[in-house]
Amino acid sequence: MPRALTATIDIADFTSEVIRREASRARVIEVREHGEILGGFLSAGELERYRELVRRDVEVFRAGEFPDDIVAALEESAGKFGVGAE
C-alpha cells in the first residue's frame with residue numbers, strides 16, 4: 001500500500017512511538033497544537049527531495065549554461081505570455 005503524503009498528529013499525542021508509527025504511513029508528519037502547525041517531520045525520501053529542491057533553488061547558471069530542461073521550461077513559459085524566442 002502506498003504511503004500517504006501527509007499525516008497529522010496533535011502535540012498532546014506527540015511521542016516517539018507515534019512518530020515511528022506515522023512515519024511508516026506517511027512521507028510528511030505535521031505536528032499541530034490547537035489546529036496550528038508547530039513543526040513537522042520528513043521521511044528520508046522527502047528529506048532528500050527537499051535537499052535537492054534547495055540545491056537547485058540556489059544554483060547559479062551563466063548565459064549559455066542552462067540545462068535543457070530549464071531552457072525548455074523557460075521557452076514554454078514565454079510562449080504562454082506571448083513572448084517569442086529571439
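Just the heavy atoms: all of them, side chains too, but no hydrogens, waters or symmetry mates, feed the values below.
Under the 4.5 Å side-chain heavy-atom criterion for Ile, Leu, Val, Met, Phe, Trp and Tyr, L53 and L47 are members of distinct hydrophobic clusters.
Residues satisfying the side-chain contact (heavy atoms from CB on, under 4.5 Å) test with D13, not counting sequence neighbours, are D10. A search for ring pair (Phe, Tyr, Trp, His ring centres under 6.0 Å) contacts involving F66 returns F61, not counting sequence neighbours. Checked against side-chain contact (heavy atoms from CB on, under 4.5 Å), I37 has the following partners two or more places apart in sequence or in another chain: E30, R32. Applying the salt bridge (charged side-chain N to carboxylate O under 4.0 Å, His left out) rule to E52 yields the partners R55; only residues at least two apart in sequence or on another chain are considered. Remark: E33 pairs with I11, L38 by the side-chain contact (heavy atoms from CB on, under 4.5 Å) rule, at least two apart or across chains. Every residue two or more places apart in sequence or in another chain that forms a salt bridge (charged side-chain N to carboxylate O under 4.0 Å, His left out) with R49 is listed here: E46. With sequence neighbours excluded, no residue satisfies salt bridge (charged side-chain N to carboxylate O under 4.0 Å, His left out) with D68. With sequence neighbours left out, the salt bridge (charged side-chain N to carboxylate O under 4.0 Å, His left out) criterion links E17 to no other residue.
Heavy-atom minimum distance, A26 versus S43: O-CB, 4.5 Å.
One finds the CD1 atom of I70 at 11.5 Å from the CD atom of E65 (value rounded to the nearest 0.5 Å).
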